[in-house]
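One structure is given below, encoded as structure tokens.
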Amino acid sequence: MTERHHYKYVVIDSSKENHNAVTAKFNVQVPHGITNASRVCVKSFSMPNTIHNIYGDLGKVRFVEFYRPSGTDWIYQIYQFNLDVGYTETSSVITAIQNKFLNASGTEIIRESDSSNTLKQINPSTGADYADTFTTVTISTDSSTYLNTLTVSSGTQDKAFALLVESQNEHTIWESLGFDKRGIMKESD
């Protein structure tokens, strides 16, 4: 008895991928269907290394700076900046984030409460800016261990810093860089 093989091929076009999805999921439509099959397999798969890894909300970087002025309670401000959309190596993402934190142009970071580029805490009693100094943030990557590190310093000021995500279900650039989601502050916290 001779065994007969019938092959049908499907080409999956990666341009049909949902670019807003966190995971790469493809919907495959097989116009001719697969019937009376005992086995289906992928013979070959390749994907270009040019798919955007910074897109949508992954480009929106949010964080919180807490401040305790002398003799008062803690206050805070939420800040954000945006990364350019596109494909970027990890080391380049780290450099881009560091450059944003340096805020050399004075317009890189936005204070969410009033959409200004002022990196000061607001006195809740007067509405005026405190004369505090913005927390120094340094992000770096180790090319041999692929670990990314975030270091903050506020000098002698009573300050704290936290990475921020809107909800537990949101995926951010911080997680893509290996920071533990459990250590990222949620807006509801």
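Heavy-atom basis, side chains included; hydrogens, waters and symmetry copies ignored.
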Taken to the nearest 0.5 Å, the spacing of Thr138 OG1 from Ile94 CD1 works out to 11.5 Å
What's the shortest heavy-atom distance between Gln80 and Glu112, and which atoms?
OE1-OE2, 3.3 Å
To check you understand the geometry: which heavy-atom pair defines the closest contact between Ile184 and Leu163, and what is its length?
CG2-O, 3.7 Å
Could you please spell out the steps behind the salt bridge (charged side-chain N to carboxylate O under 4.0 Å, His left out) verdict for Lys186 and Glu170?
CA-CA 10 Å; Lys186 286 69 164 174; Glu170 182 182 344; over 6 Å; no
One pair to check against salt bridge (charged side-chain N to carboxylate O under 4.0 Å, His left out): Arg68 and Asp158. What are the steps and the verdict?
CA-CA 5 Å; Arg68 186 172 59 191; Asp158 283 339; 3.3 Å; yes
For atom CG of Asp84, is the number of surrounding heavy atoms from other residues, nucleotides or ligands below 6.0 Å larger than 12?
no
Write down the atom of Ser113, the atom of Gln77, and the distance for their closest heavy-atom approach.
OG-OE1, 2.9 Å
From Leu164 CG over to Arg62 CZ, what is the distance, rounded to the nearest 0.5 angstrom?
4.5 Å
Sub-4.5 Å side-chain heavy-atom contact between Phe63 and Phe101
yes
Apply salt bridge (charged side-chain N to carboxylate O under 4.0 Å, His left out) to Asp57 and Lys60, showing your working.
CA-CA 5 Å; Asp57 286 341; Lys60 183 178 178 181; 5.7 Å; no
Rounded distance [0.5 Å steps], OG in Ser140 versus CD1 in Ile97:
11.5 Å
Heavy-atom nearest pair, Lys159 first then Ser154, reads CB-CB, 3.5 Å
Looking at the rings of Phe161 and Tyr76, which for Trp means the six-membered one, are their centres under 6.0 Å apart?
no
Is there a side-chain contact between Ile173 and Leu83, using heavy atoms and a 4.5 Å cut-off?
yes
With the 4.5 Å side-chain cut-off for hydrophobic clustering, are Leu150 and Phe134 part of the same group?
yes
Asn148 and Thr141: side-chain donor and acceptor closer than 3.5 Å?
yes
For the residue pair Ile75 and Ile122, establish whether any side-chain heavy-atom pair is separated by less than 4.5 Å.
no
Could you measure the distance from the CZ atom of Phe81 to the OG1 atom of Thr107? Nearest 0.5 Å is fine.
13.0 Å
Any heavy-atom pair between the side chains of Leu119 and Ile109 that's under 4.5 Å?
yes
Any side-chain donor paired with an acceptor under 3.5 Å for Gln121 and Glu65?
yes
Less than 4.5 Å apart, side chain to side chain, heavy atoms only: is that true for Asn82 and Val61?
no
Test log, rule side-chain hydrogen bond (donor to acceptor under 3.5 Å, both in side chains), inputs Thr95 and Gln98
CA-CA 5 Å; Thr95 300; Gln98 182 61 55; over 6 Å; no
Any chance CG of Asp73 has more than 12 other-residue heavy atoms, nucleotides or ligands included, within less than 6.0 Å?
no
Hey, does Ile139 have a side-chain heavy atom less than 4.5 Å from the side chain of Thr149?
no
To the nearest 0.5 Å, how far apart are OG in Ser116 and CG in Asp129?
7.0 Å
For residues Tyr130 and Tyr67, establish whether the separation of their ring centroids is below 6.0 Å.
yes
How are the rings of Trp174 and Phe179 set to each other: parallel, tilted or perpendicular (split at 30° and 60°)?
perpendicular
Applying salt bridge (Lys or Arg N to Asp or Glu O under 4.0 Å), which residue pairs with at least one partner in residues 93-104 are found, sequence neighbours left out?
Lys100-Glu108
On a heavy-atom basis, which atom in Ser153 and which in Thr135 lie closest, and how many Å separate them?
O-CG2, 3.4 Å
Closest approach of Ala162 to Phe66 (non-hydrogen atoms, all atoms of both residues)
CB-CE1, 4.2 Å
With the side chain counted from C-beta on, respond yes when Leu177 and Thr90 share a heavy-atom pair under 4.5 Å apart, and no when they do not.
yes
